[in-house]
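Working notes for the structure below.
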Amino acid sequence: MNAAPMLELRDITRRFEKKLDFAGRIAQRLGAPVREEIVHAVDRVNLTVRKGEVVGLVGESGCGKSTLGRMVAGILPPTEGTILRDGTDIKALTGAEARQMKLRTQMIFQDPYASLNPRMRVQDIVGEAPRVHGLLEGAAFDDYVDEQMRRAGLDPGFKRRYPHQFSGGQRQRIGIARALAVRPDFIVCDEAVAALDVSIQAQILNLFMRLRKELDLTYLFISHDLGVVEHLSDRVVIMYLGRVVEEADTETVFRRPNHPYTRSLLDSVPRIENRKRAFSVVKGEIPSPLNPPAGCHFHPRCPLAMERCRVEVPKLREIAPGQRSACHLNDQ
Amino acid sequence: MTAPTLEVRNLQTYFFTRAGVVKAVDGVSFSVGRGKVMGLVGESGSGKTVTGFSIIGLVDPPGRIAGGSILFQGRDLAKLSEEEMRDLRGNRIAMIFQDPMMTLNPVLRIDTQMIETVKAHKKVSTEEARQRARDTLGMVGIPSPDERLKAYPHQFSGGMRQRVAIAIALLHEPQLIVADEPTTALDVTIQGQILAEVQKLCATTGTSMIWITHDLSVVAGLADDIAVMYAGRIVEKGAVSEVLDKPLHPYTHGLIGSVPSRNKRGEALRQIPGMTPSLLNLPLGCAFRARCPRASEACIAEPIMAEILPGREARCIHPHLDASEAA
Ligand SMILES: Nc1ncnc2c1ncn2[C@@H]1O[C@H](COP(=O)(O)OP(=O)(O)OP(=O)(O)O)[C@@H](O)[C@H]1O
Ligand SMILES: Nc1ncnc2c1ncn2[C@@H]1O[C@H](COP(=O)(O)OP(=O)(O)O)[C@@H](O)[C@H]1O
Ligand code: SF4
Ligand code: SF4
Ligand SMILES: [Mg+2]
Ligand SMILES: [Mg+2]
C-alpha cells in the first residue's frame, strides 16, 4: 500500500498579472505611479486529498476555484508551491513519466459544448487520446470507444455523430467518456453540472457516483451549489478571495461550521424546506481580487470583525480533529 | 374577493418556423393576486420565458399570440396595439431579465437612463426625476446612490447591475413585475440580498410578481403560489407549501425528488429518466408519458388540467393522491 496521499498541495500560489494598457504604459513612462496590477487568484493553499475521497471545493465567483482546479489537473503551472502526486513532486518528472502522470488527472468542465471540438465525431473525441497515448493495446479502436460510451450512458450507435447533435446532458456524458478513456485515477470536475436542468443534473450526478465506485476514482468537485456538494462530498473546502477559509468533513461543515464566512454562505442558500421566510443577508459585495481587503479578506463583510482582523491575516489551523478554520475568533 | 391583478386564460403563443409550428406556450392559464408572488418553474425550453414575453408584449415574429387572453386590471393585453402596450410597459408592468444589460444601455450614465425612464411616463422636472431615481436605488439596497448615479453600467459588478435594473423596473411603482431568472447568474450571497429586497418590496408596495426560475428552492422561500411548466403547458399549480410538500403530478414529484437535499447523502439521487421531448415532435397524449413511472395505456388520451383537490390543479390521469407519497 502506498502511504502517501493521492494529492498534496503545498503552499500553492497562482498570480496573474494584468498588463498595463497603452495609456497606462505612457503614464508610467512619464513618472505616474501606475503599476501592473496583480491578481492573487490562489494564495498559499495547502490541501491533501486521499485516495478514493470526494473533496468538494466551494466559494463564490472569482475566489480561485477554477484556477486551483486547473493547477491540480496540470494545465496551469503554479507561480509558487509544490504539487505532489502519490508523494512525487510533479515538477521533477520529465518526458514519458511526465506525460503519463498528466493523463492520470483529467478535468471535466461546465460547458461541455465549448470543450468539445465541433468538427470531430464522438468516436474520435473519445478515442483519439487513448490511441495517441498507446492505451488501446490489443483492443480494437471500435470496441474501446463503444465501451467508453456505454459506461458514460451513451448509445455507441451514435458514435459517428457530431457534438451539436446531442443534448446538453448527453454532451456532458461525452466529456466524461473522453476524460475516462485515458484511464485517470483523479478527476477534477469544474461546475460539471451547473449548466444542466435539475432532472438531467441528477442523472449526471448519479453517473459520477457510480463511476467512482466502478473505477475507484478520486474527485475534486468544484461547485458553487452547496446542495450538490453536500450530497456528493466526503470533505468540503471553502475558499474566499484566493484563500482557504475552512475545511472539514461534510457533516461538520454543514452542521457545525466555524468560519463566519462559511456560516454566512450556508445561511444565504435557499432551501426547498424553507417557506415564505425572510432571506438572511450577508452585507456587502465580494471585493475585487485586484485589491483585496488587508488582514482577513472577509473583514468588511464579517459581522464579528475586530480591530485585529483589519491588519493581521488569520492562519488556517486545526480547531477540532479534522476541522481547519482561518479566523481570529478561534484564538480567544 | 378582489379581482386578481393578472389573469392569463388559455394563452397560446406559437412560433411559425420553417420546421413547423412550435407551440412554445399551449393553453396556459393562471392568475396573480395583488401583492402576491407567483413562481413559474420548469426546465429549459418549457416555455417560461415565452410566457413572460407574451404578457409584456415582447414576442417577436415568427412568434405570435395565437389564442387566449391576458387580463391585466380588466384589460386584455393580447388585444392591445403596440403603442398602447408600450405605454403600459415600464410604467404599470415591468420586466426584469436574467441579463441586466437587456435593460441597461452600456453607453449612458445610470442617472441619464433613470431620468429618461421616469420622464417617459410622467411629466416631472429633471430634479424631481433625479430624486425619484435616487430613492429607488436606495430602495434596492444600493449604498451611496448619489455617487452611483454618475457611473456607467460597466463600472458595476453583476449583482449591482441587476439591482440597478430592478430599480429601473420599480421607478413607476408597477402593479406587475415579470422577473425572468434575475438571480440565476449571481452568487448566493448576492442572490440572498436581492431576494430579501424583493420580498420586502412586494409586501410593502402591493406589487404583484411573476418570478420565473428553474430553482425550486428559490420559489419555496419567495413565492405564494407556484405553476410548474412542462413542454409548453402548466402541469400543476397551487399554493407553494401544498405543491412542494405534496405534489400531485408525477413530473413535479420527480423534480422535487431529484433535489439533492431531498435525498440521503451519498446515495443515488432519485432521477427522472430520459429528457424533455422536442416541441416539434411531442408524443401522443400526455407529453410526460415516456418518462413517467405511473404511465398507463390511458395516458395516450391527453390529460386535461383539472381540480384534483380543493385549490389544487394538475394535468394528470393518475396523480399522486396518497399522503404517504410525499416526494
Ligand atoms: N488568465 C487569467 N488572467 C488574469 N486573471 C485571471 C485569469 N484567470 C483567472 N483570473 C482571475 O483570478 C481570480 C480567480 O479566478 P477563477 O476563475 O479561479 O475563479 P472561480 O472561483 O473559478 O470563479 P467562478 O465561480 O466565477 O468560476 C479571478 O479574479 C479571475 O479574474
Ligand atoms: N424565436 C423563436 N423561434 C422558434 N422557437 C422559439 C423561439 N423562441 C423560443 N422558442 C421555443 O419556445 C420554447 C420555449 O422557450 P422558452 O420560453 O425560452 O423556454 P424557457 O424560458 O422555459 O427555458 C422552446 O422550445 C424554444 O425553442
Ligand atoms: S478573522 Fe475576523 S473578520 Fe475574519 S472571519 Fe474571523 S472574525 Fe471575521
Ligand atoms: S397522465 Fe399518465 S403519463 Fe402523464 S403524468 Fe399522469 S400518469 Fe404520467
Ligand atoms: Mg470557475
Ligand atoms: Mg428562459
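Throughout, a chain's letter reflects where its sequence line sits, starting with A, and its residues are numbered from 1. Given the structure is predicted, the values throughout are model-derived calculations rather than measurements.
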If you take all heavy atoms of Arg275(A) and Val240(B), which pair is closest and at what distance?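 Smallest heavy-atom distance, with atoms named: CD-CG1, 3.9 Å.
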
More than 12 non-hydrogen atoms from neighbouring residues, nucleotides or ligands closer than 6.0 Å to NZ on Lys159(A), yes or no?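 Enclosed: over 12 neighbouring heavy atoms sit under 6.0 Å from NZ of Lys159(A).
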
For Arg151(A), I'd like to know if atom CZ has over 12 heavy atoms of other residues, nucleotides or ligands within 6.0 Å.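 More than 12 heavy atoms, drawn from other residues, nucleotides or ligands, come within 6.0 Å of this atom.
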
Can you tell which part of Gln170(A) gets under 4.5 Å to a heavy atom of chain B, answering side chain, backbone, both or neither?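 For Gln170(A), side-chain heavy atoms alone lie under 4.5 Å from chain B.
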
So what's closer than 4.5 Å to chain B heavy atoms on Ser199(A): side chain, backbone, both or neither?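 Interface part for Ser199(A): both.
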
Top residue by heavy-atom pair count (under 4.5 Å) with chain A, among [options]?
{"options": "Thr189(B), Val37(B), Val219(B), Val188(B)", "value": "Thr189(B)"}
{"options": "Asp224(B), Leu186(B), Val259(B)", "value": "Asp224(B)"}
{"options": "Gln191(B), His214(B), Gln199(B)", "value": "Gln199(B)"}
{"options": "Gly221(B), Ala196(B), Gly192(B)", "value": "Gly221(B)"}
{"options": "Gly159(B), Gly274(B), Gly158(B), Gly141(B)", "value": "Gly274(B)"}

To the nearest 0.5 Å, what is the distance between [atom1] on [X] and [atom2] on [Y]?
{"X": "Glu273(A)", "Y": "Asp245(B)", "atom1": "CD", "atom2": "CG", "value": "9.5 Å"}
{"X": "Ser258(B)", "Y": "Ile200(A)", "atom1": "OG", "atom2": "CD1", "value": "9.5 Å"}
{"X": "Gln193(B)", "Y": "Glu285(A)", "atom1": "CD", "atom2": "CD", "value": "7.5 Å"}
{"X": "Leu269(B)", "Y": "Phe208(A)", "atom1": "CG", "atom2": "CZ", "value": "12.5 Å"}
{"X": "Arg271(A)", "Y": "Ser261(B)", "atom1": "CZ", "atom2": "OG", "value": "6.0 Å"}

Less than 4.5 Å to any heavy atom of chain A: does that hold for the side chain of [X], its backbone, both, or neither?
{"X": "Lys200(B)", "result": "neither"}
{"X": "Pro143(B)", "result": "neither"}
{"X": "Glu43(B)", "result": "both"}
{"X": "Glu267(B)", "result": "backbone"}

Just grab all the salt bridge (Lys or Arg N to Asp or Glu O under 4.0 Å) pairs involving residues 142-167 of chain B, residues at least two apart or on different chains.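 Sorted result for residues 142-167 of chain B: Arg134(B)-Asp146(B).
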
Output the option from [options] having the highest count of non-hydrogen pairs under 4.5 Å with chain B.
{"options": "His224(A), Gln201(A), Arg210(A), Glu230(A)", "answer": "Glu230(A)"}
{"options": "Gly169(A), Ala202(A), Ser264(A)", "answer": "Ala202(A)"}
{"options": "Val54(A), Ile272(A), Asn274(A)", "answer": "Ile272(A)"}
{"options": "Ser233(A), Ala194(A), Ser61(A), Gly227(A)", "answer": "Ser61(A)"}

Start with the C-alpha gap between Met275(B) and Gln203(A), add the side-chain angles, then the distance that decides, and say whether side-chain contact (heavy atoms from CB on, under 4.5 Å) holds. CA-CA 10 Å; Met275(B) 53 191 187; Gln203(A) 295 173 2; over 6 Å; no

Steps toward side-chain contact (heavy atoms from CB on, under 4.5 Å) verdict (Asp187(B), Ile286(A)): CA-CA 9 Å; Asp187(B) 276 310; Ile286(A) 305 160; 3.3 Å; yes

